[in-house]
Structures are given as structure tokens and as C-alpha cells.
Amino acid sequence: MSAIEMKDLIVSYGQQPAVKSVTMDVPKQSITAFIGPSGCGKSTLLRTINRMNDSIADVNITGSIRIMGHEIYDDQISVEMLRKRVGMVFQQPNPFPKSIYDNIAYGPRLHGITKKAELDQIVESSLKSAVLWDEVKDLLKKPALQLSGGQQQRLCIARALAVNPDILLMDESTAALDPLSTLKIEELVKTLRHTYTIVMVTHNLHQAARVSDQCGFFLNGELVEYDQTEKLFRNPEDERTERYIEGRFG
Ligand SMILES: Nc1ncnc2c1ncn2[C@@H]1O[C@H](COP(=O)(O)OP(=O)(O)OP(=O)(O)O)[C@@H](O)[C@H]1O
């Protein structure tokens, strides 16, 4: 079974479709990149995967989207539990105005973990998974907002991992960072693919080529091509994909 199975998925804002009849399967424990010009629906589709669009008035969703075999727009689904299984990291690092420790412990506490020893262990292992532990282990009580932008973004990844999700969504998560911090996050994401299913939206084609296993190219809300990243970049099937990756538009 794939981690995410979408079938004839249409997402509209009012009457205006932003995602047009997308059918795609995202395999487990791999990195999938969504690429395409601005406004092609990448973020809308990504946000559909953990129902982040629910809060926007006038969004209509039809078709099917299953996560680990469960239809996520079913009435029975708890959105809180869905977001525990499907974490998200945004473009701008957004730590809470709390200590480094409390940022990581926030989710586990929300889900009922109160024992200090257990929280300590989760904080340490999450920060280690996000390759931040060595830099912050003596600063756990310090405000997270005192970290650099790149460190804050790795903290946000650690915070997402702390509730032990299956899937991690990343919406342009390195777009606000310097090149060195970007590379650190790319290296980190590559190590996380062994444990998590990662779906990333990126404007950076080099990043998609460097990091992802498979890649979907979107245009005007349509999934034009979806293939192994190497194939899509080296030998695309569709002329529009070829033009986009050659930099001829977008
Ligand atoms: N909250 C919203 N209300 C109405 N229309 C929206 C909303 N969010 C996005 N749209 C529209 O949906 C379409 C797809 O936008 P979306 O942000 O998903 O594209 P994108 O490919 O992620 O773009 P970008 O790369 O610029 O972030 C665009 O036409 C956009 O104007």
C-alpha cells in the first residue's frame, strides 16, 4: 500500500479549481517533490494532505485521498489525529515563543505524555533526528526564537517529529534560508526518508533533483507528469515538463 493515494482529486476555491483531477500515489519512506510555476496548485494539494485547507472558507474538495488506506475526508476521521500522523513544516520557521525544550515537548504533552523522563527522551531523540541536538543540548531552557533561522527550521522539523508522524509535509521549507542552512536541511531530509514519507513543495529545481526520489510537475492545477526524479529531469515524456525544467517558462 502507498502512503498516500489520491484519485480524481479536485480542490476548488469557490468555483475556481486550483487542483484539477489529480491521481497519484506517493510511496512510503521516500521523498516526493511537487514542482511547477507559481500558482499551479502545489501548495493547495500539499495542504489537502493534512486538511490544512479546512479552515479556508469556500474550499470544495471532491475525489478521494487516502492516507495509509484511510479516506481522510471521511466524517469519522479526527483531524487532530490526522495531523499527528501527518506533520507539516512551513516556509518561514515558526517556533513558539517558548523554550527549545517546550517547543519539542508541546505536541507530546498535547497527546497526554506528562512524565518528565519520557518527555526528556522524546526531546533528545527528536533533536537528534533533526541534527540539532549537539548545537542546543546545553541551551534547552533558552528561547527558541534566539536560534538562527536555519536552526529554527530544524527545530520545527524536530517539533514535527516529536509526535512520531508517518508523513512529513514541507512547503518551501528552505526558501527563507541561506545556502548553507538549506544544504543542512537537504542532508537532514535525506536521512529522514528512511523513517518517514516526505512530500515537499519546492521552487528550486536543483533541490528537487538533488533530494527527491520521485517528482510531480504541475501546471495550471494539472499533474502533467509524475515519475522517478532522474527520469523526469533527464528524459521527460511531456514537452511542457521539458520546457519547464529547461527554464523556458515559470
Ligand atoms: N485561500 C485561497 N483563496 C482563493 N484562492 C486561492 C487561495 N489559495 C490559493 N488560491 C489560488 O489557487 C491557485 C493555486 O495556488 P497555490 O498556492 O496552491 O499554488 P502554488 O503552485 O503553490 O503557488 P506558489 O508556488 O506561488 O506558492 C492560485 O490561482 C491561487 O491564486
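All heavy atoms count here, side chains included; hydrogens, waters and symmetry mates do not. In each ligand, atom 1 is the first atom listed, and ligand 1 is the first ligand listed. For the single chain, residues carry numbers from 1 onward in sequence order.
Looking at Lys190 and Glu186, no side-chain N of the basic residue comes within less than 4.0 Å of a carboxylate O on the acidic one, giving no salt bridge. Between Lys184 and Glu187, none of the side-chain N atoms (NZ, or NE/NH1/NH2) sits under 4.0 Å from a carboxylate O, so this pair counts as no salt bridge.
Counting protein heavy atoms only, atom 15 (O) of ligand 1 is closest to Thr44 OG1, 3.8 Å. Summary of contacts: the protein heavy atom closest to atom 27 (O) of ligand 1 is Ser43 OG, 3.8 Å. In this structure, atom 10 (N) of ligand 1 lies nearest to the protein heavy atom Tyr13 CE1, 3.2 Å. Atom 19 (O) of ligand 1 has Gly41 N, 3.1 Å as its closest protein atom, hydrogens excluded (heavy atom only). Protein heavy atom closest to atom 26 (O) of ligand 1, with residue, atom name and distance, is Ser38 OG, 2.5 Å. Closest protein heavy atom to atom 23 (O) of ligand 1: Gly39 N, 2.8 Å.
Per-atom contact check: atom 31 (O) of ligand 1 does not touch the protein, criterion being a heavy-atom distance below 4.0 Å.
Residue Pro37 has at least one heavy-atom neighbour below 4.0 Å for each of these atoms of ligand 1: 21 (O). Close contacts between ligand 1 and Cys40 involve ligand atoms 19 (O), 20 (P), 21 (O) [criterion: under 4.0 Å to a heavy atom]. Each of the following atoms of ligand 1 lies closer than 4.0 Å to a heavy atom of Ala18: 12 (O), 13 (C), 14 (C).
In this structure, Lys7 places its NZ atom where only 12 or fewer heavy-atom neighbours from other residues, nucleotides or ligands lie under 6.0 Å away. No more than 12 heavy atoms of other residues, nucleotides or ligands shown are found within 6.0 angstrom of NZ on Lys142. Counting non-hydrogen atoms of neighbouring residues, nucleotides and ligands closer than 6.0 angstrom, the NE2 atom of His194 exceeds 12 such neighbours. Other residues, nucleotides and ligands place more than 12 heavy atoms under 6.0 Å from the CD atom of Glu71.
Using cut-offs of 30° and 60° for the angle between ring planes, the Phe96 and Tyr106 rings count as tilted.
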Derivation of the side-chain contact (heavy atoms from CB on, under 4.5 Å) call for Gln153 and Ser173: CA-CA 8 Å; Gln153 198 60 309; Ser173 299; 3.9 Å; yes
Pair Asn220-Arg240, side-chain contact (heavy atoms from CB on, under 4.5 Å): steps then yes or no: CA-CA 12 Å; Asn220 297 325; Arg240 293 166 294 174; over 6 Å; no
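When non-hydrogen atoms are compared, ligand 1 lies under 4.0 Å from the side chain of Ile56 (C-beta onward) but not from its backbone.
A heavy-atom separation below 4.0 Å is not found between Gln16 and ligand 1. Ligand 1 has no atom lying under 4.0 Å from any heavy atom of Gly36. Using a 4.0 angstrom heavy-atom cutoff, Gly221 does not count as in contact with ligand 1.
Here the closest non-hydrogen pair linking Ala130 and Ala158 is CB-CB, 3.7 Å.
No N or O atom of Glu172 sits closer than 3.5 Å to an N or O atom of ligand 1.
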